[in-house]
Peer 1: 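Here it is: the structure, laid out below.
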Amino acid sequence: MSSRHILTAPAWPYANGPRHIGHVSGFALPADMFSRYQRMAGNKVLMVSGTDEHGTPIQVQADKEGVSARELADRYNRVIAQDLHGLGMTYDLFTRTTTRNHHAVAQEIFKGLHDNGYVFEKKTMGAISPSTGRTLPDRYIEGTCPICGYDGARGDQCDNCGNQLDPIDLINPRSRINGEKPKFVETEHFFLDLPAFSETLGSWLQGKEGLWRPNVYKFTRNLLDEMRPRPISRDLDWGVPVPLPGWVDRPDKRLYVWFDAVVGYLSASVEWARRSGDPDAWRAWWQNPDAETYYFMGKDNIVFHAEIWPAMLLGYNGEGDKGGTPGSLGKLNLPTEVVSSEFLTMEGKKFSSSRQVVIYVRDFLERYDVDALRYYIAVAGPENQDTDFTWSEFVRRNNDELVAAWGNLVNRSVSFAAKNIGEIPAAGELTDLDRDVLERSRKAFDAVGAELSRSRFKNAANEAMRTVAEANKYLSEQSPWKLKNDDPERMKTILHVALQLVDDAKSLLTPFLPASSEKVHRMLGGQEEWSGAPEIREVSEDGGPDYPVLTGSYDTQARWESRPIAAGTPLAPPKPLFAKLDSSVVDEELARLEQS
RNA sequence: GGGGCGGUAGCUCAGCCGGUUAGAGCAGGGGACUCAUAAUCCCUUGGUCGUGGGUUCGAGUCCCACCCGCCCUACCA
């Protein structure tokens, strides 16, 4: 098996509040399942991300709470890092955008684009808040729609008639933040010249047809059909300074937050390399033409990952219509695949923090197993279409599939062997049927692996669970408990085969259920760590304040293959793998949702 | 307005380039077993594949129109 370099790039959660399970179903869990599989398959995975901490919404939220933007970002950076830790997200580095390193890399990308001529300056009319002097984004302005007369129209679009609007045309415009009348002033900003990448991006995308999920491919193709220049700076003081003479010292101009956020994948890779002791190590994932890069996000982020970030990379490389030369970091790889999820809804409704239609990661993990959530998202998540999370389906999946099928398989086989033999028995002569079932189990690694490598988690999880069903069937049909007296040798062989099937299933399920696979691994006598788990570490940048990062060494025993179990390994009576949920939790959780 | 996705058994969903009697899990019905968190295993009821046209020897599977639902729409990170 050749070892490939694979960069996994989960989208950067925005640090204006805690994240809910809809968020993590899009960017986090798919990325982690993918990465865990790739590591087990022997590939060199680098998974980096962090919290996205700049921009107007953070500033607005901070103002509302009466704290500084920095304080707000600090708080939610920590909360989100803890949540992702709780989910078992095996980041090589989860950092943040407020580091000096990130600022420097974001500025370097800007400068590279500027040097190659892909960035231009332009004066526009923009709305600012008279009291703060900050840009007032269109969606923060409301007023009367000039087309239909609806009074609650937003600056960017009227919710009543659906027309796109220009905020300057609104009748009676007012700020949704504090009600004041916005001032429209001339302001100058930098724009990214997206049309200059129309051709190169088009041919780049063409090679992706059939490889990407069809909806992502189609959506991106439409995006590329009409590209317009996009502003990449804002009137704001919370963000990365524009690194040009005459700009860099201005307190009122910053890079637009999306611009610095997408650079995070690169800056985090650089930070990871520095922390790992080999400052150039990141290049193996960014400059090796054979390296593969996979970006994971919700569908609202496709535009940034499939259009704008690739354009930025092309421009930095000097590969747009205007040519140019690579910047000081060198030529950088474009995305191999943009893996986008659709949206999760909550009991039929859109997630909404303000309306309490929400379950935050932290609250979820306080009450339920992390693997129960991971499993649900894998098998019933919004992979190809919007999908509804319901508590009754969650309880059912947990009880029927995790507890009754997989947990029970582990329990019945291990406890029977423990009670009657006390160790993993040796196999005697195998029947054809034994050989068949073992062979099918071995082949499942190819089938499940093929699905995982293409981010088809539903198929992958279902395929893995099929081996669990096969093992349950094998045990029932062979009924080793009937052979205790008549044929103890055959009984041992059956148990050996069954335990081998359990061990295989444990491996197949590791990307989805790392915590419980670890338990099964130990039950079967494993002494070394199996699944691997992230840790939170406090770090700083030479002399700066501490901040938490997620990191870890994921160089474990786990391999994507059937590994023979060792006869003679002592077995103890097991404890149940998963907790069965009483049906009353459905009512309890629904009551919580209705409390608002 | 433009774009995308979906409408397949009571429920949640699979069905790739069109091809034998349309599948799975759950729920429902019947049976077996007792190792196991009453878990497991076997058998079984159940569908005019949103509607109407069309292409084809043959269409959930391609084309057109329509109905319904959801999402995106680029100064929203």
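A, B, ... follow the sequence lines: proteins, then strands. Residue 1 opens every chain. A quick note: this is a predicted structure, and the numbers were derived from the prediction, not measured.
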Peer 1: Taking the same atom, P, in B:C35 and in B:A14, what whole-Å distance lies between them?
Peer 2: 40 Å
Peer 1: When the P atoms of B:C62 and B:G7 are considered, how many whole Å apart are they?
Peer 2: 11 Å
Peer 1: Does the ring of A:F343 carry A:K299 above it, NZ/CZ under 6.0 angstrom from centre and within 45° of its axis?
Peer 2: yes
Peer 1: Taking the same atom, C1', in B:U40 and in B:G25, what whole-Å distance lies between them?
Peer 2: 16 Å
Peer 1: How would you label the contact of A:A261 with the nucleic acid (heavy atoms, under 4.0 Å): base, sugar-phosphate, or nothing?
Peer 2: nothing
Peer 1: Once you apply a heavy-atom cut-off of 4.0 Å, does A:E342 come out as touching a base, just sugar-phosphate, or nothing?
Peer 2: nothing
Peer 1: Which part of the nucleic acid, if any, lies within contact of A:H54, taking any heavy atom under 4.0 Å across all strands shown: a base, the sugar-phosphate backbone alone, or nothing?
Peer 2: sugar-phosphate
Peer 1: Ring-plane angle category for A:H20 and A:F351, please: parallel below 30°, perpendicular beyond 60°, tilted otherwise.
Peer 2: parallel
Peer 1: How close or far is atom C1' of B:C76 from atom CG of A:L236, stated in whole angstroms?
Peer 2: 14 Å
Peer 1: Answer yes or no: is there an ion pair linking A:D83 with A:R78, defined by an N-O contact shorter than 4.0 Å?
Peer 2: no
Peer 1: Suppose you measure atom P in B:C63 against the same atom in B:A22; what distance do you get, rounded to whole Å?
Peer 2: 23 Å
Peer 1: Please measure how far the C1' atom in B:G3 lies from the corresponding atom in B:C11, and state the result in whole Å.
Peer 2: 31 Å
Peer 1: Answer with yes or no after comparing the ring centroid distance for A:Y265 and A:Y295 against a 6.0 Å cut-off, counting only values under it.
Peer 2: yes
Peer 1: Measure from CG on A:N222 to C1' on B:C71 and round the result to the nearest Å.
Peer 2: 14 Å
Peer 1: Are A:W12 and A:F27 near enough that their ring centres are under 6.0 Å apart?
Peer 2: no
Peer 1: Is the A:F191 ring parallel, tilted or perpendicular to the A:F120 ring (thresholds 30°, 60°)?
Peer 2: parallel
Peer 1: Set out, line by line, the N/O atom pairs under 3.5 Å between protein and nucleotides 29-38 of chain B.
Peer 2:
unit_1, atom_1, unit_2, atom_2, d
B:C35, O2', A:R412, O, 3.4
B:C35, O2, A:R412, NE, 3.1
B:C35, N3, A:R412, NE, 3.4
B:C35, N3, A:R412, NH2, 2.7
B:C35, N4, A:R412, NH2, 3.2
B:A36, OP1, A:K419, NZ, 2.8
B:A36, O3', A:N411, ND2, 3.1
B:A36, O2', A:N408, OD1, 2.8
B:A36, O2', A:N411, ND2, 3.3
B:A36, N3, A:N408, OD1, 3.3
B:A36, N3, A:N408, ND2, 3.2
B:A36, N3, A:R412, NE, 3.3
B:U37, N3, A:F578, O, 2.8
B:U37, O4, A:L577, N, 2.9
B:U37, O4, A:F578, N, 2.8
B:U37, O4, A:F578, O, 2.6

Peer 1: Tell me: NZ of A:K299 to P of B:C76, nearest whole Å?
Peer 2: 19 Å
Peer 1: Quick one: A:N398 CG to B:A39 C1', roughly how many Å, whole number?
Peer 2: 14 Å
Peer 1: Parallel, tilted or perpendicular: which fits the ring planes of A:F389 and A:F394, with parallel below 30° and perpendicular above 60°?
Peer 2: tilted
Peer 1: Please classify the glycosidic conformation of B:G10 as syn (within 90° of 0) or anti (everything else).
Peer 2: anti
Peer 1: What's the CG-P distance between A:L224 and B:G2, to the nearest Å?
Peer 2: 21 Å
Peer 1: Quick one, A:L409 and A:W406 - any side-chain contact, counting heavy atoms below 4.5 Å?
Peer 2: yes
Peer 1: Could you work out the separation of B:C5 and B:G15 based on their P atoms and round it to a whole Å?
Peer 2: 15 Å
Peer 1: How far, in whole Å, is B:C42 from B:U34 if one measures between their C1' atoms?
Peer 2: 15 Å
Peer 1: Write down the distance separating the P atoms in B:G47 and B:G1, rounded off to the nearest Å.
Peer 2: 39 Å
Peer 1: Assign each of A:E477 and A:D300 to its nearest nucleotide of RNA chain B by heavy atoms, then name whichever residue's nucleotide is nearer the 5' end.
Peer 2: A:E477
Peer 1: Specify the separation, in whole Å, of atom CE of A:M465 and atom P of B:A24.
Peer 2: 17 Å
Peer 1: Reading 5' to 3' and counting Watson-Crick or G-U wobble pairs with both distances under 3.5 Å, write the dot-bracket notation for RNA chain B, | for bases paired outside the strand.
Peer 2: (((((((..((((.....[...)))).(((((.......))))).....(((((..]....))))))))))))....
Peer 1: Would you call A:E393 and A:R397 a salt bridge, taking side-chain N to carboxylate O under 4.0 Å as the test?
Peer 2: yes
Peer 1: In terms of the angle between their ring planes, are A:F110 and A:F259 parallel, tilted or perpendicular, with boundaries placed at 30° and 60°?
Peer 2: perpendicular
Peer 1: Does B:G69 have OP1 or OP2 sitting under 4.0 Å from an N or O in the side chain of A:K350?
Peer 2: no
Peer 1: One pair to check against salt bridge (Lys or Arg N to Asp or Glu O under 4.0 Å): A:R254 and A:D237. What are the steps and the verdict?
Peer 2: CA-CA 6 Å; A:R254 289 292 181 268; A:D237 64 359; over 6 Å; no
Peer 1: Show, in sequence, the C-alpha distance, side-chain angles and deciding distance for A:K458 and A:E383, and conclude whether the salt bridge (Lys or Arg N to Asp or Glu O under 4.0 Å) test is met.
Peer 2: CA-CA 8 Å; A:K458 263 179 219 263; A:E383 192 171 305; 5.9 Å; no
Peer 1: What is the distance from CG of A:N462 to P of B:A24, rounded to the nearest Å?
Peer 2: 13 Å
Peer 1: Go through the steps for A:F457 and A:F512 under the test ring pair (Phe, Tyr, Trp, His ring centres under 6.0 Å), then give the verdict.
Peer 2: CA-CA 9 Å; A:F457 305 106; A:F512 313 104; 7.3 Å; no
Peer 1: Any chance you could list the contact pattern along nucleotides 6-18 of chain B? Use B for base contacts, S for sugar-phosphate-only contacts and - for none, protein heavy atoms under 4.0 Å, 5' to 3'.
Peer 2: S-------S----
Peer 1: Between A:R228 (CZ) and B:U73 (C1'), how many Å, whole number?
Peer 2: 10 Å
